[in-house]
Amino acid sequence: HLEEAAIGGHPEARYHLAAIEQQNGREVERRVKHLIIAANLGHSQSIQALKGCYKDGNVSKEEFAAALRGHQAAVDATKSPQREAGEKALAQF
C-alpha cells in the first residue's frame with residue numbers, strides 16, 4: 001500500500017519507503033530518490049534525512065541544494081492569508 005500511496009504523491013509514504021530501503025540494506029540511491037521526492041513535496045523530515053545523507057557523502061551538494069529549493073517552494077505554495085488566519089484562530093483555543 002505504501003507504493004500506491006507514494007505513486008499517488010503522498011510524501012509520508014515516500015519517507016517510509018526510504019526508511020524501509022535503509023532497513024533492508026538496499027541501494028542508497030533508491031533511498032535518496034524517495035527522500036528527494038518527499039522533500040520536493042514539502043516533507044520536512046525528508047530534508048533532515050537528506051542532510052544526513054549529504055554529511056555521509058551519499059548526496060551531492062547540488063542534489064541537496066535542489067531538494068532544499070524544492071522543499072521551500074512546496075512549503076511556500078501552501079501558504080495563504082486564509083490558512084494563516086485559521087492557524088491564528090486555532091492557536092487561541
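These figures come from a predicted structure and were not determined experimentally.
- Within the 4.5 Å cutoff, no side-chain heavy atoms of E21 are placed close to those of E27.
- For the residue pair A67 and I47, the shortest heavy atom distance occurs at O-CD1, 3.8 Å.
- The two atoms that bring A38 and P11 nearest to each other are CB-O, 3.6 Å, heavy atoms only.
- In this structure the side chain of H43 never reaches within 4.5 angstrom of the side chain of R14, judged on heavy atoms.
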Between side-chain atoms of residues 76-87 and protein atoms elsewhere (two or more places apart, or another chain), which donor-acceptor pairs fall under 3.5 Å?
residue	atom	partner	partner atom	Å
D76	OD1	Q72	NE2	2.9
T78	OG1	V75	O	2.7
S80	OG	R83	N	3.1
R83	NE	T78	O	2.8

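- For the residue pair A18 and R31, the shortest heavy atom distance occurs at O-CG, 3.5 Å.
- Looking at F64 and K51, their side chains come closer than 4.5 Å, going by heavy atoms from C-beta outward.
- Of the candidates N40, L41, L35, I37 forms a side-chain contact (heavy atoms from CB on, under 4.5 Å) with just one, namely L41.
- The minimum heavy-atom distance between V59 and L50, with the atom names listed, is CG2-CD2, 4.0 Å.
- Put simply, the side chain of C53 does not reach to within 4.5 Å of the side chain of V28, judged on heavy atoms.
- Heavy-atom minimum distance, G42 versus A74: N-CB, 3.5 Å.
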CA sep, side-chain torsions, deciding dist, call: H10, E4, side-chain contact (heavy atoms from CB on, under 4.5 Å) | CA-CA 9 Å; H10 196 281; E4 291 176 19; over 6 Å; no
